[in-house]
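Working notes, beginning with the structure itself.
Atoms considered below: every heavy atom in the structure, side chains included; atoms not considered: hydrogens, waters and symmetry mates.
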Amino acid sequence: MGSVLGLVARPYGVTHSSDNPCQRREGLSPLFLLGGCYWVRWSLGSPAEIEKDPEYWRKQAQETLQQALRLQRLNQNVAKNLILFLGDGMGVSTVTAARILKGQLQHRKGEESLLEMDKFPHVALAKTYNTNAQVPDSAGTATAYLCGVKANEGTVGVSAGVTRDRCNTTKGQEVTSILRWAKDAGKAVGIVTTTRVTHATPSAAYAHSANRDWYSDGEMPPDALEGGCRDIARQLVENIPDIEVILGGGRKYMFPKNASDVEYPHEDKHRGTRLDRRDLIQAWYEAKPAGKVAKYVWHRRDLLALNLSRVDFLLGLFEPGDMVYELDRNNETDPSLTEMVAVAIRMLQKNPRGFFLLVEGGRIDHGHHEGKAKQALHEAVELDRAIGLATRLTSVQDTLSVVTADHSHVFTFGGYTPRGNPIFGLAPMQSDVDRKPFTSILYGNGPGYKIVAGERENVSAVDFAHADYQAQSAVPLRQETHGGEDVAIFARGPMAHLLHGVHEQNYIPHAMAYAACIGSNRGHCNAASRPGASVLLPFLALLFLLS
């Protein structure tokens with residue numbers, strides 16, 4: 001309980017409505033919370049003041065305990081819908097810092113705030129290593145949490161029998177994703193990302209490639225082309241041509257080499273890259289069944305103006321490459337991640353059999369690689385905003401939502417900062433070695449390593465709150481690296497309790513598929529195997545023996 005219009009709720013007592021309905025009491029007011037009636041006395045004060053009262057923390061703990069006890073009533077419904085939210089590079093330190101940032105954007109101290117993912121009742125950890133890497137990349141990890149099989153770094157949609165860059169090792173090693181399993185079960189499927197739609201995370205949903213960077217044939221070596229390997233953009237159009245929703249960036253990989261971009265016609269770096277001279281947007285249209293309506297859009301205005309009831313397939317590519325950071329986004333031409341998710345869910349909900357949706361906050365990772373913590377954390381807050389919207393558009397009774405990350409980063413914040421310290425601010429002390437200030441946020445390595453006149457840069461002389469400020473790092477690298485620690489999994493909805501403890505990352509799609517009765521593990525979906533049957537069948541057998 002906190003302040004309301006300058007007033008503070010001081011805990012007085014609890015009476016559950018089933019035992020003693022809320023009635024007026026002298027000088028007290030009822031507060032309906034968690035199914036009970038909490039009597040509170042309102043008094044002047046601030047959140048900081050009530051936190052001094054031990055009773056505040058005891059009541060908070062009791063409320064959390066009651067919530068935990070209610071989780072014993074497991075939601076064992078079949079999941080009609082599946083949503084996998086993937087924060088690329090969203091390690092636990094990033095989640096915590098994003099939580100603080102979210103609160104501070106709401107003019108609060110920040111630490112006490114809750115992300116939407118924090119409200120998911122079931123939490124686990126995932127081990128992120130690739131089959132050949134202790135610290136993983138986004139391709140091998142995407143293969144794990146989408147296809148259910150761990151793989152080598154740099155490869156997508158293939159087993160560990162494939163060696164990166166070697167086209168001739170691919171044949172026979174392809175593995176399918178949960179998106180394919182859902183499509184085969186008659187569900188609608190969609191992909192939404194802030195990166196190019198051919199990037200590592202989305203590509204593992206539909207492609208099989210010995211190199212994650214083979215976005216178009218223009219990025220492929222001659223031996224791979226001669227060996228018959230297909231680029232990822234082509235696979236997007238050909239492998240699963242009936243994906244209902246694809247939204248993100250990556251226009252240039254769909255058009256012939258040197259074709260001008262529709263939005264940036266005079267910028268060479270945004271021109272088409274395809275050596276085969278194909279127009280894959282046209283190929284995407286041609287692959288659709290007769291009588292179905294397909295729409296391609298590249299502008300936010302056109303996306304939001306669509307009559308979704310009259311659209312069967314939607315492809316939206318809003319940038320030539322990755323989409324622009326949320327802090328820098330042109331909100332007239334480019335939709336936000338939240339806006340894309342809203343469109344995707346409304347499109348997919350038209351299927352009476354339900355849907356699978358992959359949502360990637362992909363540029364959290366890019367912000368960290370560039371040492372730009374402000375960009376990364378605002379990307380994480382935007383992903384969380386999209387999670388909140390999705391939970392409002394769906395029901396916990398029939399929609400399993402899972403939030404996780406592919407890997408972490410060597411990103412940290414510390415320095416004994418006081419409560420409410422600006423997350424992008426300075427630590428409250430100077431180094432006791434070089435006598436210079438330092439920011440709370442730091443990186444273990446990356447482009448923020450700077451030596452000025454033989455010493456560490458004095459951060460008080462620079463604008464460390466700027467969106468593109470590169471936080472100081474211990475080791476100089478052009479690009480900051482991933483981290484190797486476990487990442488969090490947050491789950492809500494049918495069978496969410498299957499995500500618990502510490503898991504191998506490839507377990508995630510198997511648990512989700514089990515919940516939705518898709519894929520290969522469907523034996524439990526028969527009526528005789530449903531919850532309660534294990535109790536009922538022995539009882540019926542006993543009656544038979546006694547008769």
Side-chain angles (χ1 to χ4, degrees), residues 88 156 190-203 205-207 209 212-220 230-241 243-288 294-306 311 313-326 328-337 339-341 343-344 347 358-363 365-366 379:
D88 197 313
V156 291
I191 296 169
V192 176
T193 180
T194 52
T195 66
R196 64 207 86 175
V197 296
T198 50
H199 210 253
T201 296
S203 66
Y206 59 82
S209 180
R212 56 174 286 180
D213 297 327
W214 291 349
Y215 302 124
S216 77
D217 58 351
E219 286 78 35
M220 295 178 68
R230 294 176 299 150
D231 62 88
I232 294 170
R234 181 179 165 191
Q235 292 188 60
L236 173 62
V237 173
E238 296 177 351
N239 285 6
I240 311 178
I243 297 175
E244 280 82 358
V245 179
I246 304 166
L247 299 174
R251 279 194 304 263
K252 65 183 180 180
Y253 307 111
M254 313 297 281
F255 292 105
K257 188 171 179 63
N258 293 325
S260 296
D261 183 72
V262 64
E263 189 175 4
Y264 309 100
H266 304 299
E267 296 190 35
D268 290 346
K269 67 179 180 179
H270 295 320
R271 293 182 181 275
T273 64
R274 302 202 61 79
L275 299 177
D276 61 11
R277 311 302 297 172
R278 292 182 68 188
D279 179 340
L280 290 187
I281 302 299
Q282 186 60 38
W284 176 81
Y285 274 115
E286 293 170 354
K288 301 298 171 284
K295 290 287 186 181
Y296 165 67
V297 296
W298 61 269
H299 197 288
R300 175 179 180 269
R301 175 189 59 239
D302 297 331
L303 175 72
L304 301 183
L306 288 171
V311 179
F313 299 97
L314 174 60
L315 173 61
L317 302 177
F318 304 100
E319 286 291 329
D322 299 319
M323 294 189 70
V324 178
Y325 284 125
E326 178 62 21
D328 303 330
R329 179 174 62 87
N330 181 332
N331 57 20
E332 291 186 3
T333 59
D334 291 355
S336 67
L337 179 60
E339 289 171 334
M340 292 193 291
V341 168
V343 170
M347 271 280 293
L358 170 64
V359 178
E360 184 196 19
R363 303 218 66 197
D365 178 70
H366 296 171
E379 292 294 305

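- At least one side-chain heavy atom of L317 sits less than 4.5 Å from a side-chain heavy atom of M254.
- E319 and Y264 form a side-chain donor-acceptor contact under 3.5 Å, judged by distance and modelled atom types alone.
- In summary, the side chains of Y253 and R196 do present a donor paired with an acceptor at a separation below 3.5 Å, with no hydrogens or angles considered.
- Using a 4.5 Å cut-off on side-chain heavy atoms (C-beta onward), W298 and E263 make contact.
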Next on the checklist: Let's go through N239 and R230 carefully: what are the C-alpha distance in whole Å and the side-chain angles of both, what is the deciding distance for side-chain hydrogen bond (donor to acceptor under 3.5 Å, both in side chains) to 0.1 Å, and is it a yes or a no?
Outcome noted: CA-CA 10 Å; N239 285 6; R230 294 176 299 150; 2.7 Å; yes
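- Between G362 and T195, the shortest heavy-atom contact is CA-CG2, 3.6 Å.
- The side-chain heavy atoms of H199 and D322, taken from C-beta on, include a pair separated by under 4.5 Å.
- Note that CG of L236 is 8.5 Å distant from CG of L280, once rounded to the nearest 0.5 Å.
- Put simply, OG on S216 and CZ on R278 are 12.0 Å apart, with the number rounded to the nearest 0.5 Å.
- No side-chain donor from either of S203 and T198 sits under 3.5 Å from a side-chain acceptor of the other.
- Using a 4.5 Å cut-off on side-chain heavy atoms (C-beta onward), I191 and V245 make no contact.
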Next on the checklist: Apply side chain to side chain contact (heavy atoms under 4.5 Å, CB included) to residues T193 and L247 and explain how you reach the verdict.
Outcome noted: CA-CA 6 Å; T193 180; L247 299 174; over 6 Å; no
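- With rounding to the nearest 0.5 angstrom, the CZ atom of R301 is 4.0 Å from the NE2 atom of H299.
- Contact annotation: the side chain of R274 approaches that of D217 to within less than 4.5 Å [non-hydrogen atoms, C-beta and beyond].
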Checklist entry - Should E219 and D231 be marked as a side chain to side chain contact (heavy atoms under 4.5 Å, CB included) after you check the CA-CA gap, both sets of side-chain angles, and the distance that decides it? => result CA-CA 8 Å; E219 286 78 35; D231 62 88; over 6 Å; no
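- A 4.5 Å side-chain heavy-atom check between D334 and V324 finds at least one atom pair inside the cut-off.
- In this structure a side-chain-to-backbone donor-acceptor pair under 3.5 Å is present from E379 to E326.
- F255 does not carry R271 over the face of its six-membered ring by the limits of under 6.0 Å from the centre and within 45° of the normal.
- Two residues are said to be in side-chain contact when any heavy atoms from C-beta on lie closer than 4.5 Å; E360 and V192 fail this criterion.
- Closest of all the heavy-atom pairs between V311 and M347 is O-SD, 3.5 Å.
- The main-chain N or O of P241 is found under 3.5 Å from a side-chain atom of K288 such that the two form a donor-acceptor pair.
- How far OG of S260 is from NE2 of H270: 12.0 Å, rounded to the nearest 0.5 Å.
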Checklist entry - Would R251 and I281 count as a side chain to side chain contact (heavy atoms under 4.5 Å, CB included) if you check the C-alpha gap in whole Å, the side-chain angles of each, and the deciding distance to 0.1 Å? => result CA-CA 9 Å; R251 279 194 304 263; I281 302 299; over 6 Å; no
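- Judged by distance alone, with hydrogens and angles left aside, the side-chain atoms of E238 form no donor-acceptor pair with the main-chain N or O of Q235 at under 3.5 Å.
- Counting all heavy atoms, side chain and backbone alike, A200 lies closest to V156 at O-CG1, 3.9 Å.
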Next on the checklist: Would W284 and F313 count as a side chain to side chain contact (heavy atoms under 4.5 Å, CB included) here? Give the steps.
Outcome noted: CA-CA 10 Å; W284 176 81; F313 299 97; 3.9 Å; yes
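- R300 places none of its side-chain heavy atoms less than 4.5 Å from the side chain of T333.
- Proximity of a side-chain donor or acceptor of R363 to a complementary backbone N or O of M323 within less than 3.5 Å is detected.
- E339 contributes atom CD, which lies 9.5 Å from atom CZ of F318 (distance to the nearest 0.5 angstrom).
- Atom CG of residue N258 and atom CG of residue D268 lie 8.0 Å apart, to the nearest 0.5 angstrom.
- Between I243 and G190, the shortest heavy-atom distance links the atoms CG2-CA, 4.3 Å.
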